[in-house]
Amino acid sequence: MPNTPGNFTAIVIDFETTGLSPGYGDRTIEVGAVLISDNRIVDRYQSLMNPEIRVSGFIENFTGITNAMLASAPPIIVVMNQLRAFIGNHHLVAHNAGFDSRFLDAEFRRIDHTRTNEFACSMLAARRLYPEAPNHRLDTLVAYKRLKSDGVHHRALADAEMTAHLCLQMIVDLETGYGIRPVTFRLIQQLAKVPRKKVHDFLSKSACRGK
DNA sequence: TGCCAGGCCCTCTTTAGGGCCTT
């Protein structure tokens with residue numbers, strides 16, 4: 001679906017995992033994904049999944065996801081096939097996208113699927129758009145921008161929804177603060193890669209191109 | 001049980017080091 005004013009379309013995704021590195025054997029234990037379209041969340045997907053390895057006490061405390069909960073969860077391969085169907089051909093957004101893309105790609109490889117969807121990183125974009133924020137952790141940015149939150153942290157769907165609200169806020173701020181219309185997925189993706197000292201020039205030129 | 005990474009980005013930089021982010 002093309003991006004038209006008020007119709008930024010992307011899937012915002014978040015994983016809870018057993019650790020930081022799929023290359024060292026870490027696996028996904030929960031995924032949350034929300035579809036943003038027409039400046040709002042229009043669809044959601046969430047599932048726990050059984051990694052078939054025990055998660056550490058740290059992860060149990062960090063996420064609230066216990067080994068007992070995962071024992072009765074569906075296998076990762078089942079969830080990945082459902083996730084693949086939910087994602088479809090949509091663009092993807094994640095907070096620190098390098099992390100989630102590595103896990104997504106690693107789990108997709110196990111179902112013989114290669115991701116072709118492009119990622120944009122809300123953390124890198126927020127660093128450029130909100131350089132004055134105390135830091136650029138997801139929960140800090142949600143509080144800083146006074147975004148909608150149910151108070152749940154480090155659960156996949158809650159984090160995906162917070163990231164989606166952050167993304168929608170960045171779109172509003174780019175529209176109202178810089179006069180950029182429409183704010184496309186491509187613009188957010190490019191903003192995240194612009195050298196910080198050139199952000200102002202990039203946004204000024206983006207505003208001119210939209211006129 | 002505790003450990004493991006990788007990319008970005010700044011600076012006391014570029015023949016490097018360390019903090020920030022994600023779980």
Side-chain angles (χ1 to χ4, degrees), chain A residues 10-34 46-70 73 76 79-80 83 92-110 115 117-145 147 149 152-167 169-170 188-203:
Chain A
I11 297 273
V12 181
I13 191 167
D14 183 81
F15 284 110
E16 304 306 315
T17 70
T18 63
L20 294 174
S21 176
Y24 277 72
D26 286 318
R27 303 294 304 274
T28 54
I29 59 174
E30 187 182 40
V31 61
V34 300
Q46 179 274 335
S47 183
L48 290 170
M49 50 194 132
N50 188 341
E52 299 182 340
I53 56 174
R54 287 191 64 80
V55 301
S56 67
F58 171 80
I59 293 296
E60 285 190 317
N61 291 330
F62 187 74
T63 64
I65 300 170
T66 65
N67 283 289
M69 292 163 67
L70 296 175
I76 293 178
V79 176
M80 284 301 139
L83 179 65
L92 301 173
V93 177
H95 201 69
N96 197 7
F99 177 86
D100 292 283
S101 65
R102 278 193 295 277
F103 275 97
L104 179 64
D105 292 350
E107 298 296 6
F108 270 0
R109 274 196 293 274
R110 294 171 185 265
R115 171 181 61 87
N117 316 62
E118 293 186 43
F119 259 100
C121 180
S122 59
M123 182 190 74
L124 294 180
R127 277 180 178 170
R128 287 155 177 80
L129 197 53
Y130 310 125
E132 73 287 356
N135 60 58
H136 298 87
R137 298 175 195 161
L138 179 58
D139 53 357
T140 299
L141 289 167
V142 166
Y144 176 69
K145 297 301 293 184
L147 302 176
S149 169
V152 176
H153 299 281
H154 307 306
R155 287 301 299 266
L157 186 60
D159 284 2
E161 294 208 16
M162 286 194 291
T163 303
H165 289 302
L166 172 63
C167 195
Q169 183 64 51
M170 287 195 288
I188 297 291
Q189 191 183 45
Q190 290 174 341
L191 172 61
K193 297 177 182 177
V194 172
R196 289 197 192 188
K197 292 180 180 178
K198 297 183 178 179
V199 169
H200 180 75
D201 288 346
F202 171 78
L203 294 176

Separation of atom OH in Y24(A) from atom P in dT1(B), rounded to whole Å: 22 Å
Rounded distance in Å - CD1 (I53(A)) to C1' (dC3(B)): 13 Å
Earlier contact from the 5' end, DNA chain B, for I29(A) and A192(A): A192(A)
Position toward the 5' end of DNA chain B (nearest nucleotide), R196(A) or S56(A): S56(A)
Side chain to side chain contact (heavy atoms under 4.5 Å, CB included) partners of E132(A), counting only residues at least two apart: Y130(A), Y144(A)
Sugar-phosphate only, base, or nothing, as touched by G19(A) at under 4.0 Å among non-hydrogen atoms: base
Summary of ring pair (Phe, Tyr, Trp, His ring centres under 6.0 Å) pairs that have at least one residue in residues 11-32 of chain A, sequence neighbours excluded: none
Salt bridge (charged side-chain N to carboxylate O under 4.0 Å, His left out) against K198(A), all qualifying residues, sequence neighbours excluded: none
Nearest listed nucleotide, side chain of L124(A), among dT23(B), dC4(B), dC8(B): dC8(B)
Atom C1', compared across dC12(B) and dG17(B): separation rounded to whole Å: 10 Å
Euclidean distance, atom CZ of residue F119(A) to atom P of dC8(B) [Å, nearest integer]: 15 Å
Residue list, salt bridge (charged side-chain N to carboxylate O under 4.0 Å, His left out) with D105(A), at least two apart or on another chain: R115(A)
Flag side-chain contact, heavy atom, 4.5 Å: T17(A) against I59(A): no
Can I get a per-line list of side-chain donor-acceptor pairs under 3.5 Å for residues 47-54 of chain A, giving both atom names and the distance, sequence neighbours left out?
| residue | atom | partner | partner atom | Å |
| --- | --- | --- | --- | --- |
| N50(A) | OD1 | E52(A) | N | 2.8 |
| N50(A) | ND2 | L70(A) | O | 3.3 |

Residue pairs fulfilling side-chain hydrogen bond (donor to acceptor under 3.5 Å, both in side chains) with at least one residue in residues 152-163 of chain A, sequence neighbours excluded: E30(A)-R155(A), R44(A)-E161(A)
Euclidean distance, atom CD of residue E30(A) to atom C1' of dT23(B) [Å, nearest integer]: 12 Å
Same-atom distance (C1') from dC8(B) to dT14(B), integer angstrom: 16 Å
Residues from residues 60-69 of chain A lying under 4.0 Å of DNA chain B - heavy atoms: F62(A), T63(A)
P atoms of dG19(B) and dT13(B), separation to the nearest Å: 16 Å
With the criterion being N/O to N/O and under 3.5 Å, what pairs connect the protein with nucleotides 16-22 of chain B, and how long is each?
| residue | atom | partner | partner atom | Å |
| --- | --- | --- | --- | --- |
| dC21(B) | OP1 | H136(A) | N | 2.6 |
| dC21(B) | OP1 | H136(A) | ND1 | 3.3 |
| dC21(B) | O2 | N96(A) | ND2 | 2.7 |
| dT22(B) | OP1 | L138(A) | N | 2.8 |
| dT22(B) | O4' | N96(A) | ND2 | 2.9 |

C1' gap between dC4(B) and dT23(B), integer Å: 12 Å
Parallel, tilted or perpendicular, as decided by the 30° and 60° cut-offs, for the rings of F99(A) and F103(A): tilted
Salt bridge (charged side-chain N to carboxylate O under 4.0 Å, His left out): pairs with one or both residues in residues 11-27 of chain A, sequence neighbours excluded: R27(A)-E107(A)
